[in-house]
S.K.: 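What follows is a single structure, and I will ask about it in a moment.
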There are 2 protein chains.
Amino acid sequence: MLTRYFENEGYQVSAVADGQGMRDALQRDAIDIVLLDLILGGGEDGLMLVREVRTSSDMPIIMLSGRDDVVDRIVGLEMGADDYIAKPFHLREVLARLHSVLRRHHAQPPQAIDGEGEDVIRFNGWLLNPRERRLVAPEGTEVALTTGEFDILLVMAKHPGRVFSRDRLMNLTRGRHYEAPDRVIDAQISRLRKKIEAGKHPASLIKSVRGVGYVFTGQASERAS
Amino acid sequence: MLTRYFENEGYQVSAVADGQGMRDALQRDAIDIVLLDLILGGGEDGLMLVREVRTSSDMPIIMLSGRDDVVDRIVGLEMGADDYIAKPFHLREVLARLHSVLRRHHAQPPQAIDGEGEDVIRFNGWLLNPRERRLVAPEGTEVALTTGEFDILLVMAKHPGRVFSRDRLMNLTRGRHYEAPDRVIDAQISRLRKKIEAGKHPASLIKSVRGVGYVFTGQASERAS
DNA sequence: TGAAAATTGTCACAGATTGTAACATCAATC
DNA sequence: GATTGATGTTACAATCTGTGACAATTTTCA
């Protein structure tokens, strides 16, 4: 029902049956938000899944529950869900809340400090400016990155400490269903490393996690006012 | 009743009758959380047990009490319990609170704004930084660990004094349903020891518990701010 | 448009990491 | 102290990753 409704509304929906399905979808598709029913098959608990997702990302999550249980609601929100909707609900209401969550989420840091709207990312002295698509080294010189290199660095630097699979990087930096061998990412990472971990800055900012993918391990220093 | 319920929920439960049973279980099993009834047999006081556990660890504890007594509740929480549930309770509620406590407990300081809020782990002069995935020796030199070695050390160092079975380490450092002989862990531990217990630091930080698994015996010094 | 330049994809090989297994040690038990 | 079983260690094989060379593709610009 939800699937049909949201597809009619123009969304692209990945409907899955259980926790494993969710993990797969998160890996495979470029997911913007998760709607999660508390009562799942497969013996997995929806609350646990919320926590699991939260440990590695700030993916927006809306919990749907079979009943309006105060404890469930509170625990769910404490667990990190962004909203909680009890059945029965109106489809229109779900849509409204979804918009609300997405808005809050994307509206993340409008960051109007000093009358400026910078949302640059800083790490270990580096400065990454998504708007201008520029990378500036600690000593102030600009490092030229190609489009692909920049996209990968941007995605990863936004989430330090989070491990990205090659597939996921593929999805996030290119369109949804891009087909190419994963090793393309390896090559890009290699070129990227050569540029940002060059002689002067021997720190390893991108580490590889064997069998999984890559992590950005820079020291993000947000909100430089 | 609780045992059966939680086992149905997929938890592994060690049910014991008294304080001594609890101590044994804490030693023997890899305990994640303690549910403690205030009214115990064996003449031991539940409150005392809370304090006893608290003096040596930050093990999460939920107290169950036969009555909803404000004094009991306050004293219990002051003693260091993480939550307090009065009878009669719904099993679902206990589960929810348990989730909540576990989450709070595992919760990494969510992304520490202002670049502050390191959650590095220190032990015996060593410094383990999960975000940067770096291990720094007491004398300041960095020790290069592989992904697998780092994961094992991280899991164990987070819970000094806790015994991890090989299976559990397997689960915690790789996916859930990973299939490989347990001896893989032995090999990894061996390599890890060679790196962190090398000539300069003869202290044995990882001890083996025959028939069970391994314990991290470093002296954790938390949260140097 | 067409050539030059830049970027990306592909591949091969080197190197690193991990799984496996054999054997050496060690601990517990009788 | 001999036996039995568990753990430590190591070598080697299997797998995964890093990187350079070059081809294919896209972009730039005359």
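Reckoned from all heavy atoms, side chains included, excluding hydrogens, waters and symmetry mates. Below, read A as the first sequence line, B as the second, and so on, with proteins coming before strands; counting in each chain starts at 1.
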S.K.: Got a sec, which residues hit ring pair (Phe, Tyr, Trp, His ring centres under 6.0 Å) with A:Phe216, two or more places apart in sequence or on another chain?
M.R.: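 Here the qualifying residues are A:Phe123.
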
S.K.: If the condition is side-chain contact (heavy atoms from CB on, under 4.5 Å), which residues does B:Val136 pass it with, not counting sequence neighbours?
M.R.: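 Result, side-chain contact (heavy atoms from CB on, under 4.5 Å) vs B:Val136: B:Leu127, B:Arg134.
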
S.K.: So what is the end-to-end bend of the helix from C:dT1-D:dA30 to C:dC30-D:dG1, with 5 pairs used at each end and the value given to 10 degrees?
M.R.: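 Both end axes considered, the difference amounts to 30°.
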
S.K.: Search all heavy atoms of B:Pro160 against all heavy atoms of B:Gly218 and return the closest pair with its distance.
M.R.: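 Looking at all heavy atoms of both residues, the shortest contact is CB-O, 3.8 Å.
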
S.K.: Got a sec, which residues hit side-chain hydrogen bond (donor to acceptor under 3.5 Å, both in side chains) with A:Arg133, two or more places apart in sequence or on another chain?
M.R.: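 So A:Arg133 forms a side-chain hydrogen bond (donor to acceptor under 3.5 Å, both in side chains) with A:Asp151.
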
S.K.: Taking only distance into account, with no hydrogens and no angle test, what donor-acceptor pairs under 3.5 Å do side-chain atoms of residues 205-214 of chain B form with protein atoms, sequence neighbours excluded?
M.R.:
residue, atom, partner, partner atom, Å
B:Tyr214, OH, B:Asp186, OD1, 2.3

S.K.: Are any of B:Arg183's side-chain N or O atoms less than 4.0 Å away from OP1 or OP2 of D:dT7?
M.R.: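 So the side chain of B:Arg183 is outside the cut-off, no N or O lying under 4.0 Å from OP1 or OP2 of D:dT7.
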
S.K.: With A:Thr146, which residues qualify under side-chain hydrogen bond (donor to acceptor under 3.5 Å, both in side chains), at least two apart?
M.R.: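 Partners of A:Thr146 under the side-chain hydrogen bond (donor to acceptor under 3.5 Å, both in side chains) test: A:Glu149.
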
S.K.: Sort me out a list of protein N/O and nucleotides 20-29 of chain D N/O pairs below 3.5 Å, or just none if empty.
M.R.:
residue, atom, partner, partner atom, Å
D:dG20, OP2, A:Lys194, NZ, 3.0

S.K.: In whole angstrom, what separates A:Gln188's CD from D:dT19's C1'?
M.R.: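 These atoms are roughly 13 Å apart.
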
S.K.: Should B:Arg166 be listed as having a side-chain N or O under 4.0 Å from OP1 or OP2 of D:dT7?
M.R.: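 Answer is yes, contact under 4.0 Å.
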
S.K.: Quickly work out the A:Met170 CE to C:dG9 P distance and round it to whole Å.
M.R.: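 Distance, rounded to whole Å: 6 Å.
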
S.K.: Please name all residues satisfying side-chain contact (heavy atoms from CB on, under 4.5 Å) with B:Val143, sequence neighbours left out, ordered by chain then number.
M.R.: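 With neighbours one apart ignored, the set is B:Trp126, B:Leu135, B:Ala137, B:Leu145, B:Lys195.
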
S.K.: Rounded to the nearest angstrom, tell me the gap between atom CG in B:Leu145 and atom P in C:dT17.
M.R.: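 Going from B:Leu145 (CG) to C:dT17 (P), I get 10 Å.
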
S.K.: Measure the distance from CD on A:Glu149 to P on D:dT19 and round it to the nearest whole Å.
M.R.: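 It is 13 Å, rounded to the nearest whole Å.
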
S.K.: List in chain and number order the residues that pass side-chain hydrogen bond (donor to acceptor under 3.5 Å, both in side chains) with B:Asp167, two or more places apart in sequence or in another chain; answer none if no residue qualifies.
M.R.: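 By the side-chain hydrogen bond (donor to acceptor under 3.5 Å, both in side chains) rule, B:Asp167 matches no residue at all.
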
S.K.: Find the distance A:Ile152:CD1 to D:dG18:P and express it as a whole number of Å.
M.R.: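 Between P of D:dG18 and CD1 of A:Ile152: 12 Å.
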
S.K.: Can you tell me how far C1' of C:dT18 sits from CG of B:Asp186, to the nearest Å?
M.R.: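 Nearest whole value for this atom pair: 14 Å.
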
S.K.: Reckon A:Thr146 has a side-chain N or O less than 4.0 Å from the OP1 or OP2 of C:dT8?
M.R.: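 Yes, because at least one side-chain N or O of A:Thr146 sits under 4.0 Å from OP1 or OP2 of C:dT8.
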
S.K.: Kindly write out the residues that satisfy side-chain hydrogen bond (donor to acceptor under 3.5 Å, both in side chains) with B:Gln188, not counting sequence neighbours, or none if the list is empty.
M.R.: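 With sequence neighbours excluded, B:Gln188 shows a side-chain hydrogen bond (donor to acceptor under 3.5 Å, both in side chains) to B:Arg191, given in chain and number order.
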
S.K.: Considering non-hydrogen atoms only, spot the tightest contact between B:Leu128 and B:Ala157 and give its length.
M.R.: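 Heavy-atom minimum between the residues: CD2-CB, 4.0 Å.
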
S.K.: Between A:Arg133 (CZ) and C:dT7 (P), how many Å, whole number?
M.R.: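 Checked: the CZ to P distance equals 12 Å.
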
S.K.: Near DNA chain C, under 4.0 Å by heavy atom, which residues of residues 207-215 of chain A?
M.R.: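 Those residues are A:Arg210.
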
S.K.: Would you please name every residue forming a side-chain contact (heavy atoms from CB on, under 4.5 Å) with A:Arg4, sequence neighbours left out?
M.R.: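 Once residues adjacent in sequence are excluded, A:Arg4 has no partner under the side-chain contact (heavy atoms from CB on, under 4.5 Å) criterion.
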
S.K.: Roughly how many Å is it from CG in B:Leu192 to P in D:dG8, rounded to a whole number?
M.R.: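 These atoms are roughly 12 Å apart.
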
